[in-house]
Protein chains: 2
Amino acid sequence: MGVPAVELSERRAAILRLIISDYIQTAQPVGSEGLVQRHRLELSSATIRNEMARLEDEGFITHPHTSAGRVPSDQGYRYYVEFLMGDPELPTDEKLRILHQFHQATSHVAQWLQLAAAVLSQSVHNAALVTAPRVAQVRLRQLQLVALHEHTALLVLVTEEVKVRQQVMTFADPVTQDELTRIANRLNAQWSGLDAPAIRARPVDPGSRDEAVRIVVAGILEEDEAAGFSDAHVEGLRNVLEQPEFSRSTKALEVLEALDEHNLAATIPAEGPPSGGVTVIIGGENPNAPLREMSVILSGYGSEGGPRGLLAVLGPTRMQYPRAVATVRYMGSVMSALLRRLYGDEDR
Amino acid sequence: MGVPAVELSERRAAILRLIISDYIQTAQPVGSEGLVQRHRLELSSATIRNEMARLEDEGFITHPHTSAGRVPSDQGYRYYVEFLMGDPELPTDEKLRILHQFHQATSHVAQWLQLAAAVLSQSVHNAALVTAPRVAQVRLRQLQLVALHEHTALLVLVTEEVKVRQQVMTFADPVTQDELTRIANRLNAQWSGLDAPAIRARPVDPGSRDEAVRIVVAGILEEDEAAGFSDAHVEGLRNVLEQPEFSRSTKALEVLEALDEHNLAATIPAEGPPSGGVTVIIGGENPNAPLREMSVILSGYGSEGGPRGLLAVLGPTRMQYPRAVATVRYMGSVMSALLRRLYGDEDR
DNA sequence: GTTAGCACTCTCGATTGATGAGTGCTAACA
DNA sequence: TGTTAGCACTCATCAATCGAGAGTGCTAAC
């Protein structure tokens, strides 16, 4: 989708590239005269104007008004991303800088995601979003019961993908810590490695404590599967709001609302591209109305069968695509590697 | 501090109150003529003008420019909060509405804080901040070790105030889950109820697994004590940015930066007022430069010896003080009650 | 102490006109 | 047929100007 049918002549493509890269830098409509001067073109501005007129006919650029320079359209950006910008690679020193920042990464996943979002957003000067890695099927690894009062206990459970969940639960009859420990040991032996349906299928005495625990455990596991990308870390909204296109306060507010941590999860397509691949969604291609003036650069991370997450950069359509794509791709590989290191060869 | 030395005549105080409440509503400088009309005063606008001139001499109000109405100064707001607005109580239906929202509260503390911040911000139409309850001394309740690979395990620990912490740790030699379980059981029996220094003082074999666990556990407990109010939940920045005083985009950005979740913790005085009390910090009284045009309404929650947190409302100095103070106070009592219910009579 | 009257100040919005950037077209040129 | 110079035309932007309106501060009368 979105790939323009028209094939551009070499020269027109070159002009389009110049227009877009100039516009990305200056945020100002670019005129024929200025283009010739800045790039010392061998052609006159009049010729450029003719070519621009054709580019406009074909829908790659537009006019804000009669006498302003040209501005790339969504279709223009699309063509640029697809055919003109090449396959950008991040310079080595930049890669090192990123790696260096990750060197401080603790093994605490939440901090880790926060760090990833911060590094990404800082590196591309735009907003960044990183979702927690998750698997399609959530299985129990181990559970623990901590007595709080006579009738209440804290259930802590660790899933196979090393997520920790907690929930306070109540029992009909008083229980002691000793008893809770025995229950936990027994259930761990029986349920370890199972997912919610399997645990629900396990026989337990009706009305027993085991049953009470089972309800809560299965509930948490199911909730986790349904959670989707809700726990997303967003960083660098500031960078976006600083862009001149959002200088008007009302616009800034709209964007802020769209990018609000709660809404954003829904905004992003649930299924990211396969790890390694990078998807670019430009302006109006975005199904979400408030994001119509923004572009999203998406990449999955993680491994095929294992836990997977999403990373994304969000910014105005006027975005440094080459750099952003390169950074997102590289970050994806770094995250995948970290994930492997952390969760190891758990499937073997 | 900040309490004005000057005692105002009854009439001038009344006029000040009217000016402030009008200005809070309209965000427009209020003029003498309009004041008389809106409130059907028995005095002429000329008299009001005279009184206004005196109020200005004494520093309670100012002029944006020669011929605009009057605007309250920080000192004016301070006087208003201190003497004029009385001791506002939240209407019963509003209290019920808040209670009702809390009815859905899960026992998951993080969600709970999020909810509190959301309710508070929505209720006062400003930004709200809620910090997690914490105690000065963090003690271990129970720990759990989950084998990940041969050399690594996940340490999950539950503190006395029912916080769950996790950390991946590595061992020099391979360990099995059985062994880890034995270690966890033994250490739970020895360390339950102790804080970091006490655990450090416990004898363990040098180089043993117990020692490795001890280092990590003590580290986590100490880190938690030092954490301060870092894990604050902020909600409703939108409300603030929508206010007309922040219509200019640059200003909005400044505020956004100041209220950024990361900076904000540092912004707020670490020690809140005692539970039940409400502190109002107006504009320039705030030590933080970027918050000079904002007011903060603060209250602590929790019980004397137990876990305590902070709630705050942040908005422009032109704020609905009576309502905000009443709401913050009420929310404080609700949160304290919830905290008691959740953690129970743990000291007994 | 209160009030009417009035001059004065200052903001705000609309209008105007000059400026300049940039286009689109035409005609000449290679 | 492609390229270029020339030129009229359009439109945003900016500064200057003007009038209206709001509000004050002062004075003098009540």
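The sequence lines fix the lettering, A, B, ..., with proteins before strands; numbering per chain opens at 1.
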### Query
To the nearest Å, how far apart are B:N50 CG and D:dT27 P?
12 Å
#### Entry: Whole angstrom value for the distance that separates C1' of C:dG24 from CD1 of A:I48
15 Å
### Task
Could you check which of D:dT4, C:dA21, D:dC7 has an atom nearest any side-chain atom of A:S67?
C:dA21
### Query
For B:E42, which contact category applies under a 4.0 Å heavy-atom criterion: base, sugar-phosphate, or nothing?
sugar-phosphate
### Query
Are any side-chain N or O atoms of B:Q243 and backbone N or O atoms of B:M319, one a donor and one an acceptor, separated by less than 3.5 Å?
no
### Task
Step through the shown structure and confirm whether more than 12 heavy atoms of other residues, nucleotides or ligands are within 6.0 Å of CD on A:E242.
yes
### Task
Look at the side chain of A:H63 and decide which nucleotide, out of C:dG24, C:dT11, C:dA4, has an atom nearest to it.
C:dG24
### Sugar-phosphate only, base, or nothing, as touched by A:Q28 at under 4.0 Å among non-hydrogen atoms
nothing
### Message
Nearest to the side chain of A:R11, heavy atoms from C-beta on, is which of C:dC10, C:dA4, D:dT3?
### Response
D:dT3
### Message
In whole Å, I'd like the distance from the CD1 atom of B:I15 to the P atom of D:dT24.
### Response
12 Å
### Query
Atom CE of A:M52 to atom P of C:dA21: distance rounded to whole Å?
16 Å
### Summary
Looking only at D:dT24, D:dG6, D:dA5, the nucleotide nearest the B:R49 side chain is D:dT24
### Query
Is a side-chain donor or acceptor of A:E94 paired with a backbone partner of A:P91 at a separation under 3.5 angstrom?
no
### Summary
The ring-ring contact (aromatic ring centres under 6.0 Å, His included) partner of B:F60 among B:Y77, B:Y79, B:Y23 is B:Y79
### Message
Checking contacts here: which listed nucleotide (D:dA5, C:dG24, C:dT3) is nearest the side-chain heavy atoms of B:T47?
### Response
C:dT3
### Task
Using a heavy-atom cut-off of under 4.0 Å over every strand shown, decide if A:S45 touches base, sugar-phosphate, or nothing.
nothing
### Query
Can you tell me which stems DNA chain D forms when a stem means 3 or more consecutive Watson-Crick or G-U pairs under 3.5 Å?
C:1-30 with D:1-30
### Task
Grab the CD1-C1' distance between A:I61 and C:dG22 for me, whole Å please.
13 Å
### Pairing of A:D74 and A:R292 as salt bridge, 4.0 angstrom limit
no
### Query
Below 4.0 angstrom from OP1 or OP2 of D:dG2, is there any side-chain N or O of A:R54?
no
#### Entry: Residue met sooner reading DNA chain C from 5', once B:S44 and A:G31 are mapped to nucleotides
B:S44
### Query
A:H65 NE2 to C:dG24 P: how many Å, rounded?
12 Å
### Task
May I have the distance from B:R38 (atom CZ) to D:dA22 (atom C1'), rounded to whole angstrom?
13 Å
### Query
What do the steps show when you test B:E89 against B:K95 for salt bridge (Lys or Arg N to Asp or Glu O under 4.0 Å), and what is the final call?
CA-CA 10 Å; B:E89 180 84 359; B:K95 286 187 181 179; 2.8 Å; yes
### Query
A:E33 CD to D:dA5 C1': how many Å, rounded?
12 Å
### Task
Tell me whether the OP1 or OP2 atom of C:dG24 has a side-chain N or O from A:R70 closer than 4.0 Å.
yes
### Query
A:D87 and A:R329: salt bridge (Lys or Arg N to Asp or Glu O under 4.0 Å), yes or no, with the steps?
CA-CA 11 Å; A:D87 203 12; A:R329 178 181 299 143; 3.3 Å; yes
### Query
Under 4.0 Å: is that the gap between some side-chain N or O of B:T66 and OP1 or OP2 of C:dC10?
yes
#### Entry: Where A:V30 and A:M52 come nearest, the two heavy atoms and their spacing
O-CE, 3.9 Å
